[in-house]
Amino acid sequence: MRIDAITLFPQMFDAVTRFGITGRAHERGLWALACWNPRDFATDAYRSVDDRPYGGGPGLVMLAQPLAAAIAAARAAGPAGRPVIALSPQGRPLADARVRELAGLSGAILVAGRYEAIDQRLLDRHVDEEVAVGDFVVSGGELPAMMLIDAVVRQLPGAMNDARSPACDSFADGLLDCPHYTRPEVFEETPVPEVLLSGHHANIARWRRQQSLRATLLRRPDLIGRARAEGLLDAEDQRFLAGLLAEMEKKP
Ligand SMILES: C[S@@+](CC[C@H](N)C(=O)[O-])C[C@H]1O[C@@H](n2cnc3c(N)ncnc32)[C@H](O)[C@@H]1O
C-alpha cells in the first residue's frame, strides 16, 4: 500500500512511520508514505500557500494551485486509481466499514488542510471524498490523516502480531469489544470474572459475546439496531438482549 500525504508539516507523519504497529508495518514494507509539501509547488517568490478570503472574514484560505500541483505529483508517483481524500470536519464521519474498504485498496492520497479553509474549487475539482474524524474542529488535517492511516494500516495482513486481533476489535462484528483482564487475579479487592479462570473455552466465548452485547446496548444502542438489521445477531444473542432489556425496564 502506498499513501501520499499533502501537508505543510511532513515531519508530523513520523508519528505513524516510526512508532508502534504502523511504524513496524512501515519498516517491514507493508506500506509506504510519501509527503508532498504544497509550499514546494507555490509559484511566487514567497512560496505562498494561503491568502485572504474573498468577501472578507477571519483567517486565511489555502490556495488551490499549490495543492492541485501537489496532488498531481502524488498521483503521478504512485499507483493509478487511488482516491484523493481531504480530511475535513465537513466530511463523512470515518467508520470501520470505510476503513476496511480503504485497507483493500492500493492506497490513497490524503490532503491535510490548515488555516480557515481550503479553496472550495480545489475540493470540487481535485478531491474524491471528504472524511471527518469527529464532530469537532482541530487545527489541521495531519492528526486526522494519521488517524485514518493508523486505522487502515492495522487492518493490513501481517501488520498485527496476532492476525486475529483486528477481528476481535470493536465494530468488527458490529458490536463493541468485551472487557479484558490480566494479572493480578485481584486488583484493589476486585477479582477477575471467574469464568475467565475456568479454562472452559465455550463458556468464556459465550461470556465475552454477552459482555459485548451488554456494552453495546448500554453505550451504543444504535449499533444494536444496525447489527440486527444486518443479520449479525443469532437467536441466542436476541434472547440475551431481550433478557437484558427486561432487566433494565424493571430498574428505576
Ligand atoms: C481549522 S480547520 C478548518 C475548519 C473549517 N473552517 C470548518 O469549520 O469546516 C483546518 C483543517 O483541519 C482539518 N480538520 C479539522 N477538524 C477536522 C475533523 N474533525 N476531521 C477531519 N479533519 C479536520 C481539515 O483538514 C481542515 O481543513
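Both ligands and their constituent atoms are indexed starting at 1 by order of listing. What you see is a predicted model; the values in this text were computed from it and never measured. Heavy atoms only: backbone and side chains are in, while hydrogens, waters and symmetry mates are out.
- Look at Asp177 and Arg208 and you find no salt bridge, because none of the NZ, NE, NH1 or NH2 atoms lies under 4.0 Å from a carboxylate O.
- Near Pro144, meaning under 4.0 Å from one of its heavy atoms, ligand 1 places the atoms 21 (C), 22 (N), 23 (C).
- Heavy atoms of Glu116 found under 4.0 angstrom from ligand 1 belong to the backbone as well as the side chain.
- Screening Val84, Leu110, Ile109 for a side-chain contact (heavy atoms from CB on, under 4.5 Å) with Ile6, the sole residue that qualifies is Ile109.
- Not a single heavy atom of Ala117 sits closer than 4.0 Å to an atom of ligand 1.
- The heavy atom nearest to atom 17 (C) of ligand 1, out of those in Ala86, Pro89, Gly91, Ser139, is found in Pro89.
- Taking 4.0 Å as the cut-off between side-chain N and carboxylate O, Arg98 and Glu101 count as a salt-bridged pair.
- The distance criterion of under 3.5 Å between nitrogen or oxygen atoms is not met by Ala112 with respect to ligand 1.
- Counting only non-hydrogen atoms, the option in Ala132, Gly140, Ser88 that gets closest to atom 22 (N) of ligand 1 is Ser88.
- Between Arg114 and Glu142 there is a salt bridge, since at least one side-chain N of the basic residue sits less than 4.0 Å from a carboxylate O of the acidic one.
- Between Phe41 and Trp36, the ring planes are tilted. Angles from 30° to 60° get that label.
- For a threshold of 3.5 Å applied to N or O pairs, the pair formed by Val138 and ligand 1 contains at least one separation below that value.
- Contact between Ala86 and Leu123 at its shortest, heavy atoms only, is CB-CD2, 3.9 Å.
- For atom 25 (O) of ligand 1, the nearest non-hydrogen atom from the set Leu87, Val131, Val133, Val137 belongs to Leu87.
- Less than 4.0 angstrom separates some heavy atom of Tyr115 from each of these atoms of ligand 1: 1 (C), 2 (S), 3 (C), 10 (C).
- The N/O atoms of Gly113, backbone and side chain alike, include one that comes under 3.5 Å of an N/O atom in ligand 1.
- If you check which protein heavy atom lies closest to atom 19 (N) of ligand 1, you get Phe136 O, 2.7 Å.
- Contact check on Arg82 versus Asp4 returns a salt bridge, with a Lys/Arg side-chain nitrogen under 4.0 Å from an Asp/Glu carboxylate oxygen.
- Which parts of ligand 1 touch Gln90 is read off a 4.0 Å heavy-atom cut-off, strictly below it: atoms 7 (C), 9 (O).
- Ion pairing between Arg125 and Asp119 fails under the 4.0 Å rule for side-chain N and carboxylate O.
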